[in-house]
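Quick notes on the structure that follows.
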Amino acid sequence: QFQNKLRNELRAKSGIMRGREFIMKDMYSIHASKEDLEAYYQAVIEAYKRCYHRLGLGDDTYVTFASGGAFTKFSHEFQTICEAGEDYIYLHRGRGLAINEEVVDEAVRELGINKSELERVKTAEVGNIFNFGTQKSEEMGLVFTGEDGRQHHAYMGSYGIGITRVMGVIVEKFADDKGLVWPEEVAPARVHLVQIGKESVAAADELYDTLQQAGITVLYDDRAARPGEKFADAELLG
């Protein structure tokens with residue numbers, strides 16, 4: 001019940017704050033100390049970096065200093081360089097540092113860097129994380145009994161990958177003039193097998209079985225359609 005209450009509150013506020021919405025893979029953490037939350041928060045950042053690398057977006061996705069909106073002073077976003085995006089970030093490629101345009105003036109003072117060193121690029125937000133400290137637990141009355149026998153407010157974090165947004169960004173970055181191009185890690189199948197002509201049915205079926213037995217996922221087009229139609233569909237599907 002507590003998790004649902006927090007999720008609904010976050011979604012309601014983020015819709016107001018961002019003016020946009022996308023489906024998230026949600027995760028929350030609750031900790032007894034500030035230090036434990038910070039360690040977990042950094043571990044999630046590294047885990048999310050690995051996720052974006054496996055999705056084929058790692059080289060262009062940056063942990064971005066951003067506004068915490070209604071939740072906290074600052075947060076972190078995962079922003080992918082993409083011309084179809086709706087955000088702009090200021091990027092220091094050498095240091096792997098990125099700041100959302102909406103907080104750049106405040107953030108450069110906080111981080112002690114020179115704005116002239118940063119490059120402005122267009123991006124799409126594919127995830128975000130929040131370090132709430134004890135703010136949310138104080139608002140919701142979430143307490144625990146510590147080793148000292150006293151009640152304390154818990155430290156909390158919220159984490160999310162925009163799964164539908166990630167798919168859209170992959171399409172925008174990799175599709176060509178013929179259709180989709182999926183990175184192997186997220187492709188619906190590793191092999192697209194096209195059977196052409198009646199004389200090839202047995203050979204194509206045998207190849208399909210061989211690939212399946214080897215644990216290779218196959219999209220098998222055995223329709224009674226013309227070769228050109230099948231090839232065009234294969235390109236379109238990626």
Side-chain angles (χ1 to χ4, degrees), residues 15 18-26 47-64 66 77-94 96 98 100-101 119-128 160-238:
R18 297 286 180 192
R20 60 184 184 271
E21 182 179 352
F22 50 90
I23 296 174
M24 300 291 289
K25 176 216 67 67
D26 287 331
Y48 276 22
K49 285 181 181 179
R50 292 194 295 273
C51 287
Y52 291 116
H53 272 286
R54 292 177 66 183
L55 292 168
L57 300 174
D59 291 342
D60 285 337
T61 300
Y62 291 86
V63 182
T64 303
E77 297 170 341
F78 291 85
Q79 293 274 2
T80 302
I81 296 174
C82 179
E83 282 303 312
E86 70 295 311
D87 284 331
Y88 283 94
I89 66 172
Y90 281 77
L91 178 62
H92 194 303
R93 293 181 187 269
N100 194 300
E101 185 173 54
E119 171 190 359
R120 186 175 183 261
V121 295
K122 197 171 187 180
T123 56
E125 182 184 351
V126 293
N128 52 50
I161 289 178
I163 54 177
T164 52
R165 178 62 64 88
V166 164
M167 181 175 289
V169 170
I170 289 172
V171 171
E172 290 288 349
K173 290 184 72 66
F174 297 116
D176 57 25
D177 58 355
K178 295 181 180 179
L180 302 174
V181 179
W182 297 110
E184 183 176 343
E185 293 83 357
V186 294
R190 287 185 60 195
V191 172
H192 190 138
L193 176 60
V194 179
Q195 178 267 317
I196 300 172
K198 294 180 180 179
E199 67 279 2
S200 70
V201 171
D205 287 349
E206 182 181 356
L207 179 55
Y208 174 77
D209 291 338
T210 300
L211 291 168
Q212 289 284 86
Q213 291 168 12
I216 297 173
T217 54
V218 184
L219 179 59
Y220 185 13
D221 187 349
D222 59 353
R223 296 174 297 163
R226 292 168 300 162
E229 182 181 350
K230 290 186 174 186
F231 293 151
D233 287 345
E235 291 279 9
L236 184 64
L237 292 169

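Just so you know, these numbers use all the heavy atoms, side chains as well, and skip hydrogens, waters and symmetry mates.
- Defined by atom type and a distance below 3.5 Å, a donor-acceptor pair is present between the side-chain atoms of Asp205 and Tyr220.
- In this structure, the side chain to side chain donor-acceptor pair (under 3.5 Å) partners of Glu119, at least two apart in sequence or on a different chain, are Arg93.
- Here the closest heavy-atom approach between residue Glu172 and residue Cys82 is recorded as CB-SG, 3.9 Å.
- Rounding to the nearest 0.5 Å places CZ of Arg165 at 10.0 Å from CG of Asn128.
- One distance of note links CG of Leu211 with CG of Leu193; it measures 7.0 Å at 0.5 Å rounding.
- Taken to the nearest 0.5 Å, the CG atom of Asp222 stands 10.0 Å off from the OG atom of Ser200.
- Atom OG1 of residue Thr164 and atom CD1 of residue Ile23 lie 5.0 Å apart, to the nearest 0.5 angstrom.
- In this structure a side-chain-to-backbone donor-acceptor pair under 3.5 Å is present from Gln195 to Gly197.
- Between the Asp221 side chain and the Arg223 main chain, a donor and an acceptor come within less than 3.5 Å of each other.
- Scanning both residues, Ala66 and Glu77, for their nearest heavy atoms gives CB-CD, 3.4 Å.
- With sequence neighbours left out, Lys173 forms a salt bridge (Lys or Arg N to Asp or Glu O under 4.0 Å) with Asp60.
- Applying the 6.0 Å contact sphere to CZ of Arg120 captures more than 12 heavy atoms from other residues, nucleotides or ligands.
- Taken to the nearest 0.5 Å, the CZ atom of Arg190 stands 5.0 Å off from the CD1 atom of Ile216.
- Here the shortest heavy-atom pairing between Gly85 and Lys122 reads O-CE, 2.8 Å.
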Is there a side-chain contact (heavy atoms from CB on, under 4.5 Å) between Val191 and Leu219 once you walk through the steps? CA-CA 6 Å; Val191 172; Leu219 179 59; over 6 Å; no

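- The two residues Ala175 and Leu180 make their nearest non-hydrogen contact at CB-CA, 4.2 Å.
- Residues forming a ring-ring contact (aromatic ring centres under 6.0 Å, His included) with Phe78 (at least two apart in sequence, or on another chain): Tyr48, Tyr52.
- The shortest side-chain heavy-atom distance between Ile81 and Leu91 falls under the 4.5 Å cut-off.
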Does the pair Thr61 and Thr80 meet the rule for a side chain to side chain donor-acceptor pair (under 3.5 Å), with working shown? CA-CA 4 Å; Thr61 300; Thr80 302; 2.7 Å; yes

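- At distances below 3.5 Å, at least one donor-acceptor pair connects side-chain atoms of Thr64 with backbone N or O atoms of Tyr62.
- A side-chain donor-acceptor contact under 3.5 Å links Trp182 to the backbone of Leu237.
- Annotation: Asp59, atom CG; neighbour count of heavy atoms from other residues, nucleotides and ligands within 6.0 Å does not exceed 12.
- Under the side chain to side chain donor-acceptor pair (under 3.5 Å) criterion, Gln212 pairs with Tyr208, sequence neighbours left out.
- Nearest heavy atoms, Glu125 versus Gln79: N-OE1, 3.1 Å.
- The shortest non-hydrogen separation linking Ile170 to Leu55 is CD1-O, 3.7 Å.
- For Lys49, the side chain to side chain donor-acceptor pair (under 3.5 Å) criterion is met by Glu46, not counting sequence neighbours.
- Considering only heavy atoms from C-beta on, Ile161 stays 4.5 Å or farther from Val126 through its side chain.
- In Glu206, the CD atom is not crowded: 12 or fewer heavy atoms of neighbouring residues, nucleotides or ligands sit closer than 6.0 Å.
- Asp209 meets the salt bridge (Lys or Arg N to Asp or Glu O under 4.0 Å) test with no other residue; sequence neighbours excluded.
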